[in-house]
**Student:** 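The structure follows.
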Amino acid sequence: MIGLVLSTLRHRKAGFAGAFLALFCAAALVCACGILLDTGLRGTIAPERYAGAPVLVTGDQYVHQDKIKKHKVKHKAKALAERAWLPVATADRLRGVPGVRSVVTEVTFPAEVPGATPGSSWGHGWESAALTPFTFAAGRAPSAAGEVVVDAATARTAHLRVGSRLPVSSPIATGAYRVVGVTREALPHQAAVFFSTGEARRLAGRPGAVSAIGVFPAAGESGTSTVAKSVTAAVRGTTATVHTGGDRGRTEFWDAEKARIKLISMGGALGGTALLVAILVVAGTFALSIQQRQREIALLRAVAATPRQIRRMIGREALIVSVGAGALGAAVGPLLGLWLRDRFRALGALPPTLNLVISPFPLFAAVLAAVVAAWAAARLSARRSARIRPVEALGEAALSGPRTGAARILAGLACLAGGVVLTLVLSSLNTEAASSPVTMLTAIVWTVAVALLAPIVARTAAALWGTLLRLSPVGGHLAAANLRTRSRIVGSVIAPLTLMVGLTGTILFAQTTMGHAATAQADAGTVADHVLGPKVPAAAAAALRHTDGVTTVTEVLHSTVRVGLANYGVQGVTPAGLSRTMNLDVRSGSLNGLDAGTIAVSGTAADRLGVHVGDTIRMTLGDGTPFAPRVIAVYGRGLGFGDLTVAHDLLAAHVDDPRADTVLVAGPAGADALRSAVRHYPAVTVLDQATLSKDRAAAGAEVNYVAMGLIIAFTAIAVVNTLAMATADRARELALLRLVGTTRRQVMRMLRWETLAVVATAVVLGTAVTLITLTALATGMIGSAAPYVPPVPYLAVIGGAAALAVLATVLPARLALATRPADLIGSRA
Amino acid sequence: MGMDDVVAMDAVSKVYGKGRSAVAALREVTIGLPRGRFTAVMGPSGSGKSTFLHCAAGLDTPTSGSVRLGDTELSRLNETRLTELRRRRVGFVFQAFNLVPSLTVEQNITLPLRLSRTRVDRARLREIVERVGLAERIGHRPAQLSGGQQQRVAIARALVTRPEVVFGDEPTGALDTMTAREVLSLLRETVDGMGQTVVMVTHDPVAASYADTVLFLADGRIADAMDAPTSEKVAARMTRLGAWNR
Ligand SMILES: Nc1ncnc2c1ncn2[C@@H]1O[C@H](COP(=O)(O)OP(=O)(O)OP(=O)(O)O)[C@@H](O)[C@H]1O
Ligand SMILES: [Mg+2]
């Protein structure tokens with residue numbers, strides 16, 4: 001048996017190459033996704049700034065909730081968006097703990113200096129230098145408010161030495177400081193600027209709070225675990241949490257930690273989608289290769305093979321091919337993983353501090369995925385092969401394809417039903433976390449239904465296109481006949497094409513649908529005359545307010561809060577004169593009373609939370625502070641501006657970086673006047689409408705495009721694969737046509753017509769899948785059943801599908817026609 | 001119908017399709033095929049020859065009636081049992097596409113043994129390979145053989161399991177006269193020299209003349225039988241059969 005399998009594999013290399021390629025791509029994809037997932041689960045983030053503090057105490061970075069399910073208490077924790085600060089009193093409490101030598105407190109705030117990467121330059125008080133520890137290369141500690149110490153790398157890039165003047169921009173104030181010291185050390189991923197203790201506290205803007213506390217055991221490093229235990233006991237009952245070892249890195253780089261958590265869901269979703277698509281694609285390739293061996297299988301059946309033996313033979317073929325393809329895919333997977341890492345880093349979705357974990361698990365998972373996909377595919381196609389009747393081996397009689405099995409039709413109908421259910425579910429989902437995986441799943445289930453019902457679809461398509469094709473006398477006529485009689489093969493080509501069009505459409509246009517709705521709302525709701533950004537310090541906003549011709553300045557700041565465990569986007573806006581810069585489309589209540597104790601809520605959020613004007617919402621702000629504001633208004637433009645709106649000053653006190661993301665300006669002042677008002681803040685510019693819209697639409701979309709682009713590429717490979725297989729197998733038929741007097745051009749025209757009919761069918765079906773899925777998505781997320789499909793990308797998708805299909809048909813056909821027809825017809829067996 | 005029949009068919013009918021499009025390919029055929037004899041089946045195109053062979057060999061199940069192979073009633077067997085029966089007790093030679101292209105001549109010949117996990121009897125294999133005159137081509141693949149040689153490989157495969165009966169559906173249909181004659185002589189030899197039972201469907205009166213008995217099928221019925229046929233007598237009978245048919 002195994003001998004038969006091996007010689008079949010050797011002999012039919014071309015036939016198995018398709019399945020091999022599909023499995024290889026699947027394995028590489030699954031491996032890369034596995035690496036992302038693994039990084040998410042076990043990725044380590046090395047501490048830099050806190051590397052010298054054996055025990056680190058910080059605020060609790062999670063929201064907790066106990067869910068009671070069937071008498072079992074299930075504890076759930078969700079990450080906060082911002083850094084949670086601690087009351088400075090916690091440090092006093094720790095000083096008395098036995099075994100503690102010293103306790104060092106720390107404040108952290110953004111401090112941009114020339115030469116450092118924006119967003120990764122932080123200010124601290126010199127008293128916390130021991131946390132790293134930093135020591136002096138030159139100079140002394142800052143003692144006056146106007147003095148700073150800079151790290152070695154910053155000093156080098158900005159050419160600073162003791163006595164230099166350094167402009168520092170922090171959210172509270174911007175000013176010039178005198179460098180009084182340069183450290184010996186530098187940190188790999190951040191710049192450090194040290195102020196005097198008092199100045200640091202002032203710039204941090206959180207009186208009485210510290211961002212972290214370092215605890216040094218009296219016994220040195222060796223006393224870490226005992227002291228950690230006593231410290232944990234000492235802070236029990238407060239919000240403080242205790243960290244040692246690698247755990248400190250996660251606390252230090254909270255962004256990286258959030259990215260790590262995101263990688264888990266992204267890696268999982270991507271890997272799952274890849275696996276589903278792989279099974280679909282590989283099943284198609286296998287089914288096709290079995291169809292092409294129908295006569296051989298019929299012969300085996302007639303001579304002596306039981307249906308079981310045929311199934312087993314196909315299963316073993318699949319196993320051998322999949323182990324080979326899986327191993328190769330696992331070898332390439334890490335490279336793909338590294339490529340993804342670089343792309344994500346470039347897009348800012350993966351912080352440089354989070355290292356990729358490459359362990360054997362994803363490699364094994366890749367091989368396993370290939371084997372599972374091949375096994376499932378072999379199972380599915382072997383069902384059909386066992387139905388091939390032995391009498392078909394007899395004589396030269398044209399092979400009648402086995403009828404479409406009742407089980408297949410039933411499965412297809414079940415998938416249709418599943419598609420309907422998922423579509424309904426999707427149309428009721430209104431959070432992005434829930435809707436994005438369901439969107440992909442819905443599109444895939446619809447496509448699986450099309451794949452299962454492909455023979456019927458192909459017959460219907462043949463009937464529909466037949467009349468049209470017959471208008472072309474030779475090529476079209478032949479094409480129509482071929483579509484009708486080869487409906488089974490045509491079906492197996494339509495399936496991957498539909499998958500490609502449907503998935504590409506869903507991925508691309510889910511983004512545009514969501515982006516378009518948000519952009520449209522944001523554009524309509526921004527009634528200000530000018531918009532400035534990014535990262536506008538309070539002082540810059542104040543300067544704008546004092547500019548002639550400016551009537552209103554609205555600072556806008558974004559963050560995320562949690563109501564219960566659920567995430568809500570929140571914007572903080574300056575309440576004064578808000579109606580002159582921003583129109584949220586208030587449906588009930590009024591924004592007039594927006595202050596530190598009130599909130600405005602979007603219509604969708606109000607529905608989800610079940611609140612009305614006058615109700616109170618209990619929530620946790622980004623830094624872990626509980627907040628229970630009263631609802632004063634419900635507004636319509638939640639997608640464009642965020643689900644919740646609070647007063648700017650309130651929100652600014654609870655985020656890591658209180659600088660405004662944008663500042664809206666109303667009044668007759670011209671752009672030049674504004675520019676000159678903010679001339680001391682070189683990073684702040686007047687944004688034009690085009691960049692603004694683009695920035696809004698692009699947020700988060702690119703990461704999705706990169707990840708899902710791989711899956712689209714995979715389906716494209718599958719399309720080429722299947723078409724090439726189907727065409728290469730027709731060498732004999734094409735030779736016969738040539739022998740009976742069909743010219744080469746007529747043959748090629750026939751093939752082109754066939755392919756175009758197939759592409760047209762797939763485009764119709766794929767578009768239907770896209771529109772159905774996106775309508776459901778739009779209904780749930782936007783509240784209106786209006787998917788947005790921009791025509792140019794859509795035409796590009798269609799054109800791409802058609803070009804791929806024609807190419808994958810014409811090239812193998814040319815090869816087939818290059819052989820002398822008589823040689824092909826003459827070749828035996 | 002004697003006890004010495006290898007295949008016994010009793011009132012076998014086969015109807016393809018249903019309702020108005022139904023075609024009766026066999027109508028109440030009752031016949032015994034004697035052991036150790038060479039039987040040819042002739043008839044006009046569409047008269048039901050292939051259907052007859054398929055039903056007799058357990059490749060297809062009749063709509064009604066019973067088929068016995070030796071003392072086994074075929075209608076009681078499921079597809080797996082039928083397959084097992086075919087691989088132990090029946091050999092096949094088809095008109096074309098007889099061989100698995102990826103296997104060598106030897107592997108093709110021993111395929112039924114391998115599928116039934118039976119040890120290959122080397123002496124028997126050598127004897128058969130020599131008898132069909134392919135001792136030198138044993139390691140070749142089908143694509144490297146002529147049409148006649150391919151048919152001889154198929155005959156060797158049909159004989160290797162020592163079957164009770166070898167069925168052929170126009171085994172010489174795709175061969176030229178000379179090559180066809182070689183293949184027919186080979187079949188004749190297996191009957192004379194090894195006591196093999198052979199049942200062969202053919203169009204060709206010359207091919208039929210190699211048989212001991214010729215059965216004539218017309219419109220799904222056995223119209224006639226002829227012992228000690230010659231090609232002239234068979235051709236004359238066929239002409240009349242064709243005329244009646246019209
Ligand atoms: N699978 C089938 N479905 C429907 N009708 C069939 C099928 N197979 C055979 N028939 C019909 O049954 C009748 C007998 O067919 P069969 O193949 O047995 O004829 P034959 O004598 O072998 O013909 P030929 O000499 O042309 O091979 C014919 O009318 C044929 O059309
Ligand atoms: Mg026939």
Side-chain angles (χ1 to χ4, degrees), chain A residues 1-16 289 292-313 316-317 320 383 385-400 402-403 729 732 823-829, chain B residues 50-51 53-55 57-61 78-88 90-104 107-108 110-118 141-147 149-150 153-154 157-158 160-161 163 167-170 173-174 201:
Chain A
M1 192 67 169
I2 198 75
L4 177 62
V5 168
L6 285 177
S7 39
T8 311
L9 286 177
R10 258 199 305 278
H11 193 75
R12 291 190 157 266
K13 278 189 218 83
F16 289 105
S289 89
Q292 296 177 343
R293 291 162 58 197
Q294 197 167 324
R295 197 189 294 279
E296 189 179 315
I297 290 170
L299 175 68
L300 284 172
R301 289 278 291 108
V303 167
T306 57
R308 211 177 108 102
Q309 281 178 316
I310 299 284
R311 275 202 298 273
R312 206 141 14 111
M313 179 184 86
R316 289 196 190 164
E317 285 169 8
I320 293 175
R383 278 180 52 81
S385 74
R387 264 186 290 142
I388 294 176
R389 296 177 339 138
V391 287
E392 282 169 25
L394 299 149
E396 183 99 51
L399 292 177
S400 60
R403 283 184 312 110
D729 195 55
R732 199 185 272 265
D823 289 350
L824 268 175
I825 293 293
S827 76
R828 284 170 296 265
Chain B
S50 295
T51 309
L53 198 79
H54 296 164
C55 290
L59 282 172
D60 212 347
T61 38
N78 64 17
E79 188 44 49
T80 302
R81 290 271 164 279
L82 271 179
T83 307
E84 283 163 5
L85 173 123
R86 283 202 301 270
R87 78 177 162 213
R88 274 185 296 112
V90 178
F92 289 100
V93 183
F94 308 122
Q95 181 174 357
F97 304 111
N98 260 304
L99 307 177
V100 179
S102 55
L103 300 181
T104 62
Q107 288 168 333
N108 262 296
T110 55
L111 187 60
L113 298 176
R114 281 216 266 170
L115 287 170
S116 61
R117 298 180 190 287
T118 314
R141 297 202 191 267
Q144 299 166 306
L145 302 180
S146 74
Q149 286 167 333
Q150 289 185 23
V153 176
R157 185 194 58 209
V160 80
T161 53
F167 290 101
D169 195 354
E170 309 198 25
V201 164

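Each chain gets a letter, A, B and so on, in the order its sequence line appears, and its residues count up from 1.
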**Student:** Kindly write out the residues that satisfy salt bridge (Lys or Arg N to Asp or Glu O under 4.0 Å) with Arg86(B), not counting sequence neighbours, or none if the list is empty.
**Tutor:**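 Applying salt bridge (Lys or Arg N to Asp or Glu O under 4.0 Å) to Arg86(B) gives Glu79(B).
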**Student:** To the nearest 0.5 Å, what is the distance between CG (Leu103(B)) and CG (Leu300(A))?
**Tutor:**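 So the CG of Leu103(B) and the CG of Leu300(A) are separated by 8.0 Å.
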**Student:** Quick check on Arg157(B) against chain A: is it the side chain, the backbone, both or neither that has a heavy atom closer than 4.5 Å?
**Tutor:**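 Looking at Arg157(B), just its side chain touches chain A.
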**Student:** Taking all heavy atoms of Ala302(A) and all of Phe94(B), pick out the closest pair and write down the distance.
**Tutor:**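 Ala302(A) and Phe94(B) have their closest heavy atoms at CB-CZ, 3.8 Å.
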**Student:** For Thr80(B), which residues count as a side-chain contact (heavy atoms from CB on, under 4.5 Å) partner, sequence neighbours excluded?
**Tutor:**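 Expected list: Thr306(A), Pro307(A), Asn78(B), Glu84(B).
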**Student:** Counting heavy-atom pairs under 4.5 Å to chain A, which of Glu170(B), Arg87(B), Arg88(B) comes out on top?
**Tutor:**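 When all of Glu170(B), Arg87(B), Arg88(B) are compared, Arg87(B) has the most.
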**Student:** First locate atom CZ of Arg114(B), then atom CD of Gln309(A), and finally report the distance between them rounded to the nearest 0.5 Å.
**Tutor:**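 These two atoms lie 11.5 Å from each other.
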**Student:** I need the minimum non-hydrogen distance between Val100(B) and Leu299(A), along with the two atoms involved.
**Tutor:**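 Result for this residue pair: N-CD2, 3.9 Å.
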